[in-house]
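The structure under discussion appears below in the form of structure tokens.
What you see is a predicted model; the values in this text were computed from it and never measured.
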Amino acid sequence: MKLLIVDDEYFAVQGVMDGVNWEVLGFDEVLQAYSYTEAVEAFRQNDVEILLCDIEMPVEGGLERVAWVNEHSPGTECIILSCHDEFDYAKQALSLRCLDYVLKPVRYHTLTEILQNAICTIEKKRRQELLEKYGQQYIDSIAQKSKGNYVDAVEMVTDYINKHLSEELPVKDLANMV
């Protein structure tokens with residue numbers, strides 16, 4: 001699983017990098033970006049499952065980034081990490097389907113719990129998608145078998161009727177054949 005941390009403040013990113021025990025969380029890779037452009041490039045080169053980003057940055061802010069992610073990587077869970085406690089920001093984040101809105105400074109154990117929650121959310125979605133996929137395959141296979149049996153039965157009765165046109169053919173007998 002890959003996480004991307006986006007913040008224009010180098011020390012904010014490094015603080016998160018140094019303060020969280022990434023091995024315990026089980027991330028394969030923790031990527032870092034310090035601008036909107038770097039974040040977009042990271043998404044183009046990697047399958048990022050979780051985005052942890054600051055809300056206010058030069059050029060494009062975190063909310064714009066989340067909107068971009070929703071469009072280009074809809075399976076990614078987004079978490080805003082911000083020093084702004086303004087309700088409008090949180091409301092916008094919720095409307096963009098962010099998983100959480102966390103205020104800086106955040107305790108590392110709290111951030112770890114939030115990331116664990118994101119991991120659980122992703123795993124639940126994956127299980128649900130897998131169940132839906134296998135369920136659809138099962139339904140398709142039953143439909144295909146049923147269709148095949150129906151066609152076979154019709155062909156068998158048609159052949160029998162054609163061979164026995166001169167005889168009396170009770171419907172009950174033909175039904176018993178199939």
Would a single hydrophobic cluster contain both [Y] and [X], if residues Ile, Leu, Val, Met, Phe, Trp and Tyr are joined by side-chain heavy-atom contacts under 4.5 Å?
X      : Y     : result
Ile122 : Leu31 : no
Ile5   : Leu25 : yes
Val30  : Phe43 : no
Leu51  : Met17 : no
Ile114 : Val24 : no

Roughly how far, to the nearest 0.5 Å, is the [atom2] atom of [Y] from the [atom1] atom of [X]?
X      : Y      : atom1 : atom2 : value
Ser35  : Glu38  : OG    : CD    : 4.0 Å
Arg44  : Ser73  : CZ    : OG    : 12.0 Å
Glu123 : Leu130 : CD    : CG    : 13.0 Å
Asn46  : Leu3   : CG    : CG    : 11.5 Å
Arg65  : Ile55  : CZ    : CD1   : 10.5 Å
Leu103 : Ser82  : CG    : OG    : 7.0 Å

Close side-chain approach of [X] and [Y], heavy atoms under 4.5 Å:
X      : Y      : result
Leu4   : Leu52  : no
Ile50  : Ile119 : yes
Lys125 : Thr121 : yes
Val66  : Cys98  : yes
Val6   : Tyr34  : no
Leu96  : Asn70  : yes
Val13  : Asp54  : no

Would you mind listing every ring-ring contact (aromatic ring centres under 6.0 Å, His included) that reaches into residues 70-100, with sequence neighbours excluded? Trp68-His72, His84-Tyr89
Does Lys91 pair with Glu86 as a salt bridge, N-O distance under 4.0 Å? no
Going by the side chain to side chain donor-acceptor pair (under 3.5 Å) test, which pairs reach into residues 96-119, not counting sequence neighbours? Asp7-Lys104
At their closest point, which heavy atom of [X] faces which heavy atom of [Y], and how far apart are they?
X      : Y     : result
Ala33  : Ala39 : CB-N, 3.6 Å
Ala118 : Ile79 : CB-CD1, 4.1 Å
Asp8   : Glu56 : OD1-O, 3.8 Å

Tell me, with the steps shown, if Glu49 and Lys2 meet salt bridge (charged side-chain N to carboxylate O under 4.0 Å, His left out). CA-CA 6 Å; Glu49 286 95 352; Lys2 291 184 184 176; over 6 Å; no
Quick one: do Leu99 and Cys78 satisfy side chain to side chain contact (heavy atoms under 4.5 Å, CB included)? Show the steps, please. CA-CA 6 Å; Leu99 189 61; Cys78 299; over 6 Å; no
Which residue in the set Leu115, Val106, Leu111 passes side-chain contact (heavy atoms from CB on, under 4.5 Å) when paired with Val16? Leu111
Mark yes when over 12 heavy atoms from residues, nucleotides or ligands other than Glu132 sit less than 6.0 Å from its CD; otherwise mark no. yes
The criterion is ring pair (Phe, Tyr, Trp, His ring centres under 6.0 Å); which residues satisfy it with Tyr36, sequence neighbours excluded? none
Do we see a donor-acceptor contact under 3.5 Å between the side chains of Gln14 and Gln32? yes
Just by distance, do the side chain of Thr76 and the backbone of Val48 share a donor-acceptor pair under 3.5 Å? yes
